[in-house]
Amino acid sequence: MRILLIGSGAREHALARALADDPRTTELVVAPGNPGTWAIARTMKLDILDRAAVVDAARAMRADLVVVGPEAPLVAGVVDAVRDAGIACFGPSREAARLEGSKAFAKEVMAAAEVPTAMAHVCTSIEQVTAAMDAFGAPFVIKDDGLAAGKGVVVTSDREEALAHARACLAKEGGDAVTDGAPAVVVEEYLDGPEISLFCLCDGTDVIPLEPAQDFKRLGDDDAGPNTGGMGAYSPLPWAPEMLRNEVVDRVALPVVREMARRGTPFVGVLYCGLALTSRGLRVIEFNVRFGDPETQVVLARLASPLGELLMAAATGNLHQVSSPRWRTDAAVTVVVAAHGYPGPVRKGDEVSGIADAEAQDGVHVLQAGTAAGEDGQVLSAGGRVLSVVGVGADLPAARAAAYAGVGRIHLAGSQHRTDIAAAL
Ligand code: AMP
Ligand code: GLY
């Protein structure tokens, strides 16, 4: 199987590692990749939002399967172009990617499919926002309808802060068809309880859940500071109910897959269910239409089945033919090392050292994200989240100890990381 993997983050580095390990993989190209993926795959320069360029790249390597990592190319319709060229592609069509691209659309689909989620109002004016905030009360949850790279959601009890975010979102240009193209914000009830990320592989008809993980979204220890793309994760979740995966498949993923099929826009790819375990039961916080970052780093560290086979089956409507994935009994913890300034504007070009030393620790591997190669082959920081250090161990304390032993070997001037990932478990 010849595979083209699109993306350049630590999520794609984790996917590349797992795909390279699949005995069926005869060639793996990561485009554009990062210095970390060079060791395991061929790398190709590519504008991943350019549909024709992606198709050309897939044709040039005679790809059997294209796997799209990040959301932007999905929302741009890259999958449609690859499929139109007759090449199997793991990821949703542009229409199906609206489940992530528009929170108002996701709410509409959830309502139609009777999926448990926060009560919400889709607002296209500040008057509607005020009315919805009054209806739900504080804390206020205000969400940009469209993609916002992790900066779209504000949860606050400060009325002025909530209104300012709503005004900023409404001042943007354009919106989803669900609001007739008008910019929109979703105001919703506040959900309490721990959050869970569960990835469901979908082939348009069937669903296979992976193992759940928990993400740490805030920058600082004890969930202080701003929201980020994610500062760490762990899996498994010893506190999660035994039946969680079945409940999510039956009450969330399958109803959504059926609803999307009924609309003539079948969902293929990962339905990432962001869930809250509230005192009143399970609720969907949001959908993403791709693997999560950094949760993928820990979920794939525990996967014992060949990943390529699973993704190919999903891409070609054949999930019913593959058996449920097998999982290692090991636990995995990842800690993100971020650049100075993240999640704001970051300093770039600092040398990152100690990666080999970190990987020499028991159970540690290092996945690269915002990195670039320097002239003398050194690794330089080149983005917000620079590395994901992954620790694998017999249980969560052992995996956590490994991850932090690895982080302790990494040197990057001004870097930031949380010290409480998977603590107290
Ligand atoms: P999202 O981009 O929708 O995942 O939202 C980012 C984060 O905001 C989530 O991971 C939650 O921590 C928080 N959040 C989103 N919606 C709600 C809600 N209805 N109630 C409480 N917190 C929320
Ligand atoms: N870790 C959250 C996300 O991938 O959206």
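All ligand and atom numbering here is 1-based and tracks the order in the structure. Because the structure is predicted, anything quoted here is derived from the model rather than measured.
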| remark: Note: Phe291 and Leu311 closest approach over all heavy atoms is CZ-CD2, 4.2 Å
| From Val153, Thr278, Val186 - option closest to atom 2 (O) of ligand 1 by heavy atom | Val153
| request: Output the list of atoms in ligand 1 that are nearer than 4.0 Å to some heavy atom of Glu188, sorted by atom number. | output: 16 (N), 17 (C), 18 (C), 19 (N)
| Which atoms of ligand 1 are found less than 4.0 Å from any heavy atom of Tyr190? | 20 (N), 21 (C)
| field | ligand 1 atoms in contact with Ile285 (distance to a heavy atom under 4.0 Å) | value | 15 (C), 16 (N)
| query | Looking at Val141, which atoms of ligand 1 are within less than 4.0 Å of one of its heavy atoms? | reply | 16 (N), 17 (C), 18 (C), 19 (N), 20 (N)
| Test item: side-chain donor near acceptor, Asp158 and Thr156, under 3.5 Å | no
| task | Determine, stepwise, if the pair Gln297 / Ser388 fulfils side-chain hydrogen bond (donor to acceptor under 3.5 Å, both in side chains). | result | CA-CA 8 Å; Gln297 288 88 304; Ser388 267; 3.0 Å; yes
| task | For Lys103, take its heavy atoms, then give the atoms of ligand 1 lying under 4.0 Å from any of them. | result | 2 (O), 3 (O)
| said: Is it the case that the side chains of Thr228 and Lys217 hold a donor-acceptor pair, with the cut-off being a distance below 3.5 Å and no angle test? | reply: no
| request: Might you point out which heavy atoms bring Asp176 and Arg98 nearest each other, and give the distance in Å? | output: OD2-NH2, 2.6 Å
| Salt-bridge criterion met for Glu195 and Arg283 (N-O under 4.0 Å) | no
| request: Please work out which of Thr117, Val187, Leu191 has its closest non-hydrogen atom nearest to atom 21 (C) of ligand 1. | output: Leu191
| field | Closest non-hydrogen atom pair, Cys200 against Cys273 | value | SG-SG, 4.4 Å
| task | Collect the protein residues that have a non-hydrogen atom under 4.0 Å from ligand 2 and hand them over in chain and number order. | result | Asp215, Gly229, Tyr272, Asn288, Arg290, Gly292, Asp293, Pro294, Glu295
| message | Can a side-chain donor-acceptor contact be found between Thr419 and Asp221 if the only test is distance below 3.5 angstrom? | response | yes
| remark: So the atoms of ligand 1 within less than 4.0 Å of a heavy atom of Lys143 turn out to be 3 (O), 15 (C), 16 (N)
| said: Between the side chains of Asp22 and Arg17, is the shortest nitrogen-to-carboxylate-oxygen separation below 4.0 Å, so that they form an ion pair? | reply: no
| query | Should you measure from each heavy atom of Glu195, which atoms of ligand 1 turn up under 4.0 Å away? | reply | 9 (C), 10 (O), 11 (C), 12 (O)
